[in-house]
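Proteins get letters first, then strands, A, B, ... in listed order; numbering begins at 1 in each.
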There are 2 protein chains.
Amino acid sequence: MMKKMTLAACALVVAGSAFALEPDKAIQFRQAGYSFMSWNMNTIKNNVEGTYNQAQVIAAANSIAAIANSGMGALYVPGSEKDVGNVKTTVKPEFFSKPQDAAKVAQAFNREANELAKVAATGNAAAVKAQFGKVGAACKACHDDFRIKRN
Amino acid sequence: MMKKMTLAACALVVAGSAFALEPDKAIQFRQAGYSFMSWNMNTIKNNVEGTYNQAQVIAAANSIAAIANSGMGALYVPGSEKDVGNVKTTVKPEFFSKPQDAAKVAQAFNREANELAKVAATGNAAAVKAQFGKVGAACKACHDDFRIKRN
């Protein structure tokens with residue numbers, strides 16, 4: 001099993017054990033990261049669909065990329081695969097049982113997020129719009145496979 | 001009044017009106033930002049007090065700086081100065097009634113957070129520890145003035 005794991009999947013496991021958080025705290029911190037990224041995605045959406053403010057787009061894209069690069073794998077500690085009291089999670093069991101697949105979508109998301117930060121720096125609104133779509137698709141790919149649909 | 005406002009305070013007001021969010025959403029997004037920064041602060045604390053992992057510290061410091069730079073002033077929309085239904089806020093009224101003072105502590109925090117990202121890149125654990133202390137003090141300065149104490 002370990003032999004078959006990618007380096008990234010191993011890193012996920014190692015990071016997860018480095019400074020283990022209580023499962024409920026881990027769930028809340030990872031949700032905070034995703035929530036803050038979604039606000040920044042919304043900011044970029046408003047810019048590419050409305051008046052384009054380069055500084056705002058750069059700041060939002062940098063924020064998404066930095067959060068993506070922050071090692072959120074460490075927030076999937078044992079015990080955080082299910083609700084902890086009032087702290088609910090929508091992660092699917094597959095995120096934990098298929099670490100290679102989880103690492104793959106996480107890496108794909110990080111690549112697209114880092115590319116968006118690069119593209120944002122050039123200030124070309126059309127290019128940002130195109131790359132923004134790729135980041136959104138990477139978000140969706142993970143949600144489809146690893147997030148329980150909310151009603 | 002407007003004449004006396006600093007440029008940053010004006011920017012805060014302008015940003016707040018750009019893509020106005022529902023007050024409850026604005027409260028949740030800003031809390032997500034602060035929460036995610038606190039996780040990264042904790043990561044850096046663990047590193048400077050324990051085994052120092054440069055890559056982890058760089059990633060955490062970059063995340064804090066990027067969130068600090070993301071224009072969170074836009075999340076203090078009218079109506080978000082008080083609880084909205086079940087969405088509670090601990091912001092003090094002074095954050096809204098003294099925008100110059102709020103801008104001052106926000107700018108001070110951003111300066112220290114950006115400096116931490118710079119220092120982290122050098123990889124000197126002692127320097128990171130010192131600058132980490134300054135960021136923590138900047139967090140506290142804002143909490144002291146603008147956050148209601150939680151029990």
Q: Check for me, please, whether A:V135 and A:I58 land in the same ILVMFWY cluster - side-chain distances under 4.5 Å, paths through other members count.
A: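 Different hydrophobic clusters.
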
Q: Going hydrophobic residue to hydrophobic residue with side-chain gaps under 4.5 angstrom, can you get from B:V91 over to B:V84?
A: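 Different clusters.
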
Q: Would one find more than 12 heavy atoms of other residues, nucleotides or ligands at under 6.0 Å from atom CD of B:E22?
A: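 At most 12 heavy atoms, drawn from other residues, nucleotides or ligands, come within 6.0 Å of this atom.
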
Q: At what distance, to the nearest 0.5 angstrom, does CG of A:N40 lie from CD1 of B:I67?
A: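 Separation between the atoms: 8.5 Å.
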
Q: Under 4.5 Å heavy-atom distance to chain A, tell me which part of B:N69 shows up: side chain, backbone, both or neither.
A: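 When you check distances to chain A, only backbone atoms of B:N69 fall under 4.5 Å.
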
Q: Tell me the closest heavy-atom pair linking A:N62 and B:A66, and the distance in Å.
A: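 What the structure gives for the nearest pair is O-CB, 3.7 Å.
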
Q: Kindly determine whether B:F36 and A:M37 satisfy side chain to side chain contact (heavy atoms under 4.5 Å, CB included), including the steps that lead there.
A: CA-CA 10 Å; B:F36 203 73; A:M37 287 195 284; over 6 Å; no

Q: Considering all heavy atoms of both residues, which atom of B:S70 and which atom of A:A59 are nearest to each other, and what is their separation?
A: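 Heavy atoms only, the tightest pair is CA-CB, 4.1 Å.
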
Q: Counting only heavy atoms not in B:K92, do more than 12 sit closer than 6.0 Å to its NZ atom?
A: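 More than 12 heavy atoms, drawn from other residues, nucleotides or ligands, come within 6.0 Å of this atom.
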
Q: State yes or no: do B:V87 and A:Y34 share one hydrophobic cluster built from I, L, V, M, F, W and Y residues joined by side-chain heavy-atom distances below 4.5 Å, directly or via other members?
A: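 Different hydrophobic clusters.
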
Q: Going only through I, L, V, M, F, W and Y residues with side-chain contacts under 4.5 Å, is there a path from B:V48 to B:V57?
A: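 Yes: a chain of side-chain contacts under 4.5 Å links B:V48 to B:V57.
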
Q: What are the two closest non-hydrogen atoms of A:S38 and B:F29, and how far apart are they?
A: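 Closest approach of A:S38 to B:F29, heavy atoms only: OG-CE2, 3.4 Å.
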
Q: Of the non-hydrogen atoms in A:W39 and B:A74, which two are nearest, and what is the gap between them?
A: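 Heavy atoms only, the tightest pair is CZ2-CB, 4.2 Å.
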
